[in-house]
Amino acid sequence: MRRALFATLSLSLLAASSLAAPPVRYRLTVLEPTEAGQPTQATALNQSGDVVGFERVDGGNALRSILWRHDDTPVYFDPLASDFRTWATDISDSGVVVGQSKVPVFLARISAAWAARAEDAPNATDLQVSSFGAGATGITSGPAFEVTVGWSDTSEQFGQFVQRLAYFKSGLTPGQSAFEIPRLGGWSSWANDVNASTVVVGASLTAAGPSHAFSYRITTTMLTDLGTLGGPASEARAISDSGLIVGWADTPGGERHAFVRDGVVMHDLGTLGGRSSSAEGVNDQGQVVGDSWTAAGGARAFIVDESGMRDLNTLLVGPSELRLTYAADINNAGVIVGWGRREGQTLGYILEPTCAADYALPAGALDISDVIAYVNAFGADLPDADLAPPQGVLDFSDVLAFLIAFAGGCG
């Protein structure tokens, strides 16, 4: 079938060879809970495809951290004594998991930062960052080093607000000190991520009040105010090993838009039609993921690549009952994790890229069912069928883009 289509339309395909490659599609895996009806969330992954997050257990009264390994064997963490809520926030390429744990209010601390490896499960190491409360939000590690970043609380208060400070910590030994990251003139700050070059990103309140995104290079102690998109505030949410920084920033018009910072320039990534968006993850190839409000209302997970910003819900292979609302992270293989909603329940997911013409299940193989699914999408004027510029317009160039992708197969 593929060869016949390609032979019949070979001249048209050659004429369309200058078309940009259509966006890839994704095989969806839903991270089902251990207890039926309880939510799950996937928060981060590493280059090996190991995914971390958490689920509700004990009838919804507790949170438990999970490592979904790429070999499909889950690992559960209940890290610290007396914990009743714990969630994993990041995993390094060497397999170190970090997170935050909520402890009972009668203890001095209300939260603790922790780290663990799969072989430690279900136990973890209390990083002992602060005696008042802390969380670990990012980690990078190699054969001879680990650097963890996050936030720690102090005893200082301003009204009902507790002072929160960004930190980095070298090593996983509890007795090792955590170091405060300088602020941008304001009272509080927090760190969100760190890359292999030990550049930390996050946000700090400024002397003028609103938060600004920052980067901090540990080796040179260089702190940089990353600015905004013309409005008052911004926050850096993630950094790739290649140095790309993503997050959100306010515009002069009062909207909050996702951004990517390449070198010294902050680029506005726009939205999916709504007034706000936020970039949450980026890989070394410059693919950005996050969430955005749409013109119709409601949040949707997005990806930004050479095809522009697209709703990930329009790029799934086959129908799905899960509405993807948030994309949290993406690795260099293009695998994406996050969470969505199904019948009122929040569930984590993993998206694995497949070929651009893969419209019908089973994923990873092309046949007549993929052609029928694309024709139906095109005939219904769905965003799923918009494969070629100009974005937002369906025409013959989209059909040609599909046929080129179909002729190329799924490798």
Side-chain angles (χ1 to χ4, degrees), residues 89-90 100 110-111 113 127 129-140 147-170 177-195 197-240 243-269 276-280 282 290:
T89 56
D90 200 10
Q100 177 183 337
I110 61 171
S111 58
L127 295 177
V129 172
S130 169
S131 58
F132 300 99
T137 55
I139 184 168
T140 184
V147 175
T148 304
V149 301
W151 55 266
S152 64
D153 290 339
T154 75
S155 60
E156 298 295 320
Q157 285 188 267
F158 182 77
Q160 62 179 336
F161 298 102
V162 175
Q163 185 181 42
R164 181 159 288 184
L165 301 176
Y167 75 84
F168 73 88
K169 179 182 174 72
S170 297
S177 298
F179 296 92
E180 180 184 337
I181 294 172
R183 286 162 279 160
L184 298 174
W187 192 57
S188 289
S189 62
W190 54 97
N192 291 323
D193 199 13
V194 58
N195 71 0
S197 300
T198 64
V199 178
V200 185
V201 297
S204 169
L205 298 183
T206 61
S211 68
H212 275 200
F214 72 76
S215 66
Y216 178 74
R217 188 175 293 273
I218 293 175
T219 55
T220 61
T221 68
M222 179 181 292
L223 178 70
T224 302
D225 184 338
L226 302 181
T228 73
L229 292 171
S234 62
E235 179 179 359
R237 299 287 296 161
I239 182 170
S240 70
L244 296 170
I245 301 171
V246 298
W248 61 261
D250 292 339
T251 68
E255 297 185 343
R256 182 158 289 184
H257 284 191
F259 75 79
V260 59
R261 192 175 193 268
D262 179 7
V264 297
V265 179
M266 182 181 286
H267 300 278
D268 187 342
L269 296 178
S276 67
S277 61
S278 179
E280 301 295 322
V282 59

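Numbering starts at 1 and runs along the sequence shown. Only a predicted model underlies this, so the values are computations on that prediction, with no experimental measurement involved.
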### Query
Is a donor on one side and an acceptor on the other found under 3.5 Å between the side chain of Ser188 and the backbone of Arg164?
yes
### Task
Report the residues that fulfil side chain to side chain contact (heavy atoms under 4.5 Å, CB included) with Gln100, sequence neighbours left out, ordered by chain and then residue number.
Trp87, Ser111, Trp151
## Note on the structure
For Ala166 and Phe214, the nearest pair of non-hydrogen atoms, with its separation, is CB-CZ, 4.2 Å
### Query
What distance separates Ser276 OG from Glu255 CD, expressed to the nearest 0.5 Å?
8.5 Å
### Query
For the residue pair Val194 and Gly138, what are the closest heavy atoms and their distance?
CG1-C, 4.1 Å
### Query
Under 3.5 Å, is there a donor-acceptor pair between the side chain of Ser152 and the main chain of Ala134?
no
### Under 3.5 Å donor-acceptor, Thr137 side chain and Ala191 backbone
yes
### Main-chain N/O of Ala236 paired with Asn192 side-chain donor or acceptor, under 3.5 Å
yes
## Note on the structure
What one should report as the nearest heavy-atom pair of Ala178 and Val129 is CB-CG1, 4.0 Å
### Query
Which distance, rounded to the nearest 0.5 Å, do you find between the OG of Ser277 and the CZ of Arg256?
10.5 Å
### Message
List the residues meeting salt bridge (Lys or Arg N to Asp or Glu O under 4.0 Å) with Glu156, not counting sequence neighbours, and say none if there are none.
### Response
none
### Task
Supply the atom-to-atom distance Leu223 CG to Ile181 CD1, rounded to the nearest 0.5 angstrom.
8.5 Å
### Task
Rounded to the nearest 0.5 Å, what's the gap from CG on Asp250 to OG1 on Thr228? Could you check?
7.0 Å
### Task
Compare every heavy atom of Ala203 with every heavy atom of Ser234, then report the nearest pair and how far apart it is.
O-CB, 4.1 Å
### Side chains of Gln163 and Phe158 in contact at under 4.5 Å (non-hydrogen atoms)
no
### Message
Can a donor-acceptor pair be found, under 3.5 Å and without considering hydrogens, that links the side chain of Ser278 to the backbone of Ala258?
### Response
no
### Qualifying residues under side-chain hydrogen bond (donor to acceptor under 3.5 Å, both in side chains), relative to Arg237, sequence neighbours excluded
Glu235, Glu280
### Query
So, do Ser215 and Ile245 sit near enough that their side-chain heavy atoms are less than 4.5 Å apart?
yes
### Message
With a 4.5 Å cut-off on side-chain heavy atoms, are Trp190 and Leu165 touching?
### Response
no
## Note on the structure
Rounding to 0.5 Å, atoms CG (Leu229) and CH2 (Trp248) come to a distance of 10.5 Å
### Message
Go through it in stages, so that I can follow the logic: the residues are Tyr216 and Val201, the test is side chain to side chain contact (heavy atoms under 4.5 Å, CB included), and I'd like the CA-CA distance, side-chain angles, deciding distance and then a yes or no.
### Response
CA-CA 6 Å; Tyr216 178 74; Val201 297; over 6 Å; no
### Task
Measure across Ala113 and Ala136 and return the closest heavy-atom pair with its distance rounded to 0.1 Å.
CB-N, 3.6 Å
### Query
Can you list the residues that meet the side chain to side chain contact (heavy atoms under 4.5 Å, CB included) rule with Pro210, with sequence neighbours excluded?
Thr206, Ala208, Pro232, Ala233
### Ile218 side chain reached by Phe168 side chain, heavy atoms, under 4.5 Å
yes
### Message
With heavy-atom distances below 4.5 Å as the criterion, would you say the side chains of Val147 and Thr140 are in contact?
### Response
yes
### Message
Do Asp262 and Leu244 make a side-chain contact, defined as non-hydrogen atoms from C-beta onward lying under 4.5 Å apart?
### Response
yes
### Message
If we ignore hydrogens and angles and just use 3.5 Å, is the side chain of Ser197 paired with the main-chain N or O of Val199 as donor and acceptor?
### Response
no
### Query
Can you name the residues that form a side chain to side chain contact (heavy atoms under 4.5 Å, CB included) with Thr220, not counting sequence neighbours?
Arg217, Met222
### Distance, nearest 0.5 Å, that separates OH of Tyr167 from OG of Ser189
12.0 Å
### Task
Using the test side chain to side chain contact (heavy atoms under 4.5 Å, CB included), find all partners of Asp90 that sit at least two apart in sequence or belong to another chain.
Ala44, Val98, Ile139, Asp193
